[in-house]
Amino acid sequence: MPGALARLADPIVARAGELGAEGAVEAALARPSIEAHGDFATAIAMRLAPALGRSPREIAEELAEGVPLGGLIESVDVAGPGFLNLHVTPAWYGLALAEVLDRGEAYGSGSAAEPEHIQVELVSANPTGPLTVGSARNGAYGDSVARLLAFAGHRVEREYYYNDAGSQIERFRASVEARRRGEEPPEDGYHGDYITEVAQLDGDPVPTMLEQIEATLRRFRIEIDTWERQSKLERDVPAIIDRLETYEAAGALWIRSTAHGDEKDRVLVRSADRGGLPTYEAADAVYMQRKLAVGFDRLVYVLGADHHSYVAWLGALASALGTDPARVEVLIYQLVHVTEQGEAKKVSKRRGDVVLLDELLDEVGVDAARWFLVARGHDQTVDIDVDLAREKTQKNPVYYVQYGHARIAGILRNAGAAEISPEPPAELAPAERDLVKRLVDFTSVVAEATEHRGPHAIPIYAVRLADDFHRFYQRHRVLDGAAQAFRLALCLATQRLIARCLDLIGVEAPERM
RNA sequence: GGCCCCGUAGCUCAGUGGAGAGAGCAACGGACUUCGAAUCCGUGCGCGGAGGUUCGAUUCCUCCCGGGGCCUCCA
């Protein structure tokens, strides 16, 4: 909790202790939707009522008596079933704004109780073709989670895991070879136009594809720290098998993952009549072992909803490897559906029936694409209508938020070296109060977004922040009068938080638009 | 059949065990001689259905209905 809010809550919590409340008591301060209910409200009296065996109203009355009035708190009311409504003074707004400015870049950061070394594995699309919009959601979501974790104080590394051995890859190579010979790719091969382009170049097409993918990710503002490939891991499959409980059935080697909570046992080595090669899951086992050996406290896997059975599998695998499954976190996001002229497109790389991330970026730009892909909950399916992509772009709220940032930049340019001070005027206008309270919200918003792995809360907050700013701007002239220094401070704090929000989701904060 | 996600305004979506549920888009009507109009202001009885837990449920639990996904010795 920011200091400014703690200053309001602490006396109430202390008073609750005097009344006999035990354990961790929290006076969660919420912002009421109705102005008459004060600047902040808490339902603490209702929560304490059962334990104290008294009526909520009565408790609230006594809590209110413990609230010191005059300095930061103007008045306190008991309302409804036992709400405590606080009205704060201009001095409180000054304190809150000063806190935002004083902490600077660090405002809202460091929410991690115990900083961890975390690996976020993201995208990890097979290099059998360029990245699709499906992978883009993985990237936008996973990268934003990684940014949030880093902001919270964790040490974060991003890894991309790719398959460079296996049937899909062989089909891909065979398809390129066929094109090089001037033939059609095999029926079960890859038929996209990019196959023809890759065929123009010599050598193994897999590294070529990977370079393209990395370039696209950079363009999408995702920096991968390390790359891991399946063929390398497969060498250690025999060693990992020795450590796991396995059995043979139908000629294949299985892991008894159900003993560790999995939904089903899984094949690690295929039967001879299916080639006798290790499966993807066998590589998973080696891979997880390797990640753990690096010393990460936490392993984050970012996977699409089509992989949801991996939640059970990776948890079971962690357990089978003798580590706490709680260290393994699988983040599932719902899939992206692409429609064109009202028709759903099946996102199949093999058929070449895909919308590529690069195409989307050409069409709408990086800022709008990242915003769009991260602005809704990861549990929500995303629809992209290719035909409407550009039109929708014009209405993307990202521009509303960026405009707020640019507008403030303009004001600050005009302000030159004018004094900036959080010292509050005798009276604050409603728009000024709303804006300060919004700034104060940031700390809890970003902490919860991190905790829930829900980066979509950031753009939602950013829109509200920009909204409060635009309204303030409309009603009050900044560069004029006695309140100028305070209003400039308000602008500066707002600009910094908008920039912070945008950075957390990989969007730029322009000085001009 | 089993498992996962979703069902909130005309559309796309936020939201929280608390008071009277929000935003964008679309629609209509207003506001620029003034720091950037990519802006602002006004107009909105909507939490799929039925039970349950609770002082209080849109939120938690159960069931039902509807939509999407997964249940390969694919990756």
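All values below were derived from every heavy atom in this structure, side-chain atoms included, with hydrogens, water molecules and symmetry-related copies excluded. Fair warning: this is a prediction, and the values are worked out from it, not measured in the lab.
Taking 3.5 Å as the limit, the base of B:C73 and the side chain of A:Ser271 contain a donor-acceptor pair of atoms between them.
With both ends at atom P, the span from B:C4 to B:C61 equals 11 Å, rounded to whole Å. B:C32 and B:C41 have their C1' atoms separated by 14 Å, given to the nearest Å. For the P atoms, the distance linking B:C74 with B:U58 amounts to 48 Å, nearest Å.
Residue A:Arg512 is classed as a base contact, given a heavy-atom separation below 4.0 Å to a base. Residue A:Glu511 is in base contact, counting any heavy-atom pair closer than 4.0 Å across all strands shown. Among the heavy atoms of the strands lying under 4.0 Å from A:His476 is at least one base atom, whether or not backbone atoms are also near. Heavy atoms of A:Glu281 sit under 4.0 angstrom from at least one base atom.
In this structure B:G20 sits in no base pair that meets the Watson-Crick or G-U test at under 3.5 Å. Remark: B:G36 base-pairs with no nucleotide; criterion is Watson-Crick or G-U wobble with both hydrogen-bond distances under 3.5 Å. Across every strand in view, B:C73 sits unpaired, with no contact that passes the Watson-Crick or G-U test at under 3.5 angstrom. Using the Watson-Crick or G-U wobble rule with both distances under 3.5 Å, B:C60 pairs with B:G52. The partner of B:G7, taking Watson-Crick or G-U wobble pairs whose two distances both stay under 3.5 Å, is B:C65.
Looking at the side chain of A:Arg471, the nearest of the listed nucleotides B:C40, B:G36, B:C71 is B:C40. The A:Asp306 side chain lies nearest to B:C70 when the options are B:C70, B:C74, B:A14. Out of B:G15, B:C35, B:G36, the shortest distance to the side chain of A:Val478 is found at B:C35.
Between A:Arg477 and B:C35, a side-chain N or O to OP1/OP2 separation shorter than 4.0 Å is absent. Checking the phosphate oxygens (OP1, OP2) of B:C40, a side-chain nitrogen or oxygen of A:Tyr400 falls inside 4.0 Å. Remark: A:Gln380 is not in phosphate contact with B:U12, judged by side-chain N or O atoms under 4.0 Å from OP1 or OP2. At B:C41, none of the side-chain N or O atoms of A:His470 fall inside 4.0 Å of OP1 or OP2 (strictly under the cut-off). A:Tyr473 has a side-chain polar atom (N or O) that falls below the 4.0 Å cut-off from OP1 or OP2 of B:A37. Of the side-chain N and O atoms in A:Arg407, one or more sit less than 4.0 angstrom from OP1 or OP2 of B:A37. Contact between the side-chain N/O atoms of A:Arg376 and the OP1/OP2 oxygens of B:C6 is not found at any separation under 4.0 Å. For A:Tyr399 and B:A38, the shortest distance from a side-chain N or O to OP1 or OP2 is not below 4.0 Å. For the OP1/OP2 pair of B:G36 and a distance below 4.0 Å, the side-chain nitrogens and oxygens of A:Asn414 include at least one atom meeting the criterion.
Rounding to whole angstrom units, CD1 of residue A:Ile458 and P of B:G15 are separated by 12 Å. When the P atom of B:G22 is taken as reference, atom CG of A:Leu465 falls 20 Å away, rounded to whole Å.
Annotation: side chain of A:Ser257 is not in contact with side chain of A:Lys264 (no heavy-atom distance under 4.5 Å).
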Inset, instruction - Begin with the C-alpha distance, continue with both residues' side-chain angles, and end with the deciding distance and a verdict on salt bridge (Lys or Arg N to Asp or Glu O under 4.0 Å) for A:Asp262 and A:Arg266. - result: CA-CA 9 Å; A:Asp262 201 357; A:Arg266 311 206 180 222; 2.7 Å; yes

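Annotation: A:Glu451, atom CD; neighbour count of heavy atoms from other residues, nucleotides and ligands within 6.0 Å does not exceed 12.
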Between the protein and nucleotides 19-21 of chain B, list the N/O to N/O atom pairs that are separated by less than 3.5 angstrom.
unit_1: B:A19; atom_1: N6; unit_2: A:Asn85; atom_2: OD1; d: 2.5
unit_1: B:A19; atom_1: N1; unit_2: A:Asn85; atom_2: OD1; d: 3.4
unit_1: B:A19; atom_1: N1; unit_2: A:Asn85; atom_2: ND2; d: 3.1

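You'll find the ring centres of A:Tyr400 and A:His470 inside the 6.0 Å limit.
Base orientation at B:C35 is anti, since its O4'-C1' glycosidic dihedral falls outside 90° of 0.
A:Lys291 forms a cation-pi arrangement with A:Tyr301, by the criterion of a distance under 6.0 Å to the ring centre and an angle within 45° of the ring axis.
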